[in-house]
Amino acid sequence: MRAISAPLALLTLSLLCACHPASRGGASAMEDTIVEVERDGGGDGSPVYRLRIDGNGIALFGARDFTGRHPLRQSTGEVAAVHQLDEAQHVALVGLLHSQAYAALAPRYEAAVSDGPRTTITVSTPAGVRRVTRYAVACLRDSREPQALPATTVHAGSRFVPDVFCEAVDLIENASCAGYWSAQTRPPADRDDPRLSPPPRCRLPTQRGAGAAPIL
């Protein structure tokens with residue numbers, strides 16, 4: 001996945017400084033946990049973005065605009081946006097990432113294909129950094145779907161990714177708005193895809209009017 005460009009990094013840093021709230025208190029596990037996500041769609045049109053969630057629940061989103069007309073598009077073609085996670089969602093996310101089920105995940109699940117969607121979740125705490133990557137492999141909950149691919153990099157008992165990984169991605173994308181924002185930079189083929197109808201908390205300034213149309 002492409003590294004964040006210098007203009008995008010400067011923009012996101014300024015946005016972060018402008019809206020960073022005072023610490024909301026709470027468990028030190030939340031304040032000490034930084035979550036970073038990278039998604040690369042491969043050839044299937046899946047979301048393509050980079051996301052960082054810091055210990056105060058600030059989500060910093062970066063992606064390349066494939067539409068050519070995104071309202072937040074920079075001269076570099078990059079889009080940056082910031083969102084404050086709801087505290088309950090932040091608590092739930094950190095709890096899931098520190099759970100025994102998530103700790104049991106292998107570092108990598110990879111299918112035997114040359115081009116597929118890749119998702120990497122990196123969790124940083126004072127105790128260290130843990131990275132889990134899923135490449136083209138179906139989660140167990142989707143293993144019976146047509147064309148669901150098993151992993152070739154882990155033992156037979158873990159041929160599909162445990163559902164906790166996909167549950168973490170779902171929670172991250174909903175809580176941070178990344179699922180909606182990525183659909184606006186690289187729209188899915190299905191015009192009825194729910195990601196094209198962001199809830200009020202995830203709407204961009206140009207979308208907050210009643211009946212605002214998604215960016216296509």
Side-chain angles (χ1 to χ4, degrees), residues 1-21 34-86 89-90 93 115-124 131 133-135 168-216:
M1 175 162 297
R2 177 185 300 109
I4 297 177
S5 63
L8 177 59
L10 291 174
L11 173 63
T12 52
L13 179 60
S14 65
L15 288 171
L16 184 60
C17 292
C19 71
H20 203 296
I34 296 174
V35 182
E36 296 175 279
V37 181
E38 288 187 304
R39 297 205 68 180
D40 183 346
D44 72 347
S46 295
V48 176
Y49 64 81
R50 303 166 302 280
L51 181 74
R52 174 187 168 98
I53 302 173
D54 74 5
N56 283 325
I58 295 291
L60 192 60
F61 172 91
R64 177 161 292 276
D65 175 32
F66 290 90
T67 70
R69 55 185 181 276
H70 194 285
L72 299 183
R73 180 185 176 92
Q74 304 300 302
S75 60
T76 60
E78 298 279 352
V79 169
V82 175
H83 180 72
Q84 172 71 60
L85 269 66
D86 173 81
Q89 291 177 315
H90 191 200
L93 174 60
D115 186 20
R118 185 192 316 271
T119 302
T120 299
I121 300 178
T122 303
V123 180
S124 302
R131 182 175 293 106
T133 296
R134 169 194 177 196
Y135 176 69
V169 173
D170 291 345
L171 181 53
I172 288 167
E173 292 201 325
N174 180 62
S176 69
C177 296
Y180 300 101
W181 289 344
S182 63
Q184 294 164 5
T185 60
R186 186 178 185 177
D190 182 4
R191 294 178 65 89
D192 294 324
D193 191 302
R195 292 175 296 164
L196 294 175
S197 301
R201 64 183 175 83
C202 294
R203 291 176 187 169
L204 297 169
T206 57
Q207 295 179 290
R208 288 176 183 160
I215 301 168
L216 295 176

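Keep in mind the model is a prediction, meaning the values are calculated, not measured.
Between atom OG1 of residue Thr122 and atom CG of residue Leu51 there is a gap of 11.5 Å, rounded to the nearest 0.5 Å. In this structure, the separation between CG on Leu93 and CG on Asn174 is 11.0 Å, given to the nearest 0.5 Å. With values rounded to the nearest 0.5 angstrom, Arg195 atom CZ is found 10.5 Å from Arg186 atom CZ. Once rounded to the nearest 0.5 Å, the distance linking CD1 of Ile53 with CD1 of Ile34 reads 11.0 Å. Taken from OG1 in Thr133 to CG in Asp40, the straight-line distance is 11.5 Å, to the nearest 0.5 Å. Going from atom CZ of Phe61 over to atom OG1 of Thr185 covers 5.0 Å, rounded to the nearest 0.5 Å.
Two residues are said to be in side-chain contact when any heavy atoms from C-beta on lie closer than 4.5 Å; Pro199 and Tyr180 meet this criterion. Annotation: side chain of Tyr49 is in contact with side chain of Glu173 (closest heavy-atom distance under 4.5 Å). Two residues are said to be in side-chain contact when any heavy atoms from C-beta on lie closer than 4.5 Å; Arg39 and Val169 meet this criterion. Between Val35 and Arg52 there is no side-chain heavy-atom pair separated by less than 4.5 Å. For the pair Arg64/Val48, no side-chain contact is recorded, criterion being any heavy-atom separation below 4.5 Å from C-beta on.
Here the closest non-hydrogen pair linking Gly55 and His90 is O-CE1, 3.3 Å. When all heavy atoms are compared, the tightest approach of Pro198 to Gln184 is CG-NE2, 3.7 Å. Across all their heavy atoms, Leu72 and Ala80 have their closest contact at CD1-O, 3.7 Å. Minimum interatomic distance between Leu196 and Ala183 (heavy atoms only, all atoms of both residues): CD2-O, 3.6 Å. Of all heavy-atom pairs between Cys177 and Arg201, the closest is SG-NH1, 3.6 Å. Counting all heavy atoms, side chain and backbone alike, Leu85 lies closest to Ala59 at CD1-CB, 3.5 Å.
With hydrogens and angles disregarded, a donor-acceptor distance shorter than 3.5 Å links the side chain of Arg69 to the backbone of Thr67. Formation of a donor-acceptor pair under 3.5 Å by the Asn56 side chain with backbone atoms of Ile58 is not found in this model. Checking side-chain atoms of Asp65 against main-chain N and O of His70 turns up a donor-acceptor pair under 3.5 Å. A donor-acceptor pair under 3.5 Å is absent between the side-chain atoms of Gln89 and the main chain of Ser176, judged by distance alone.
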- prompt: After noting the C-alpha distance and the side-chain angles of Arg50 and Glu78, does the key distance pass the salt bridge (charged side-chain N to carboxylate O under 4.0 Å, His left out) rule?
  reply: CA-CA 11 Å; Arg50 303 166 302 280; Glu78 298 279 352; 3.1 Å; yes

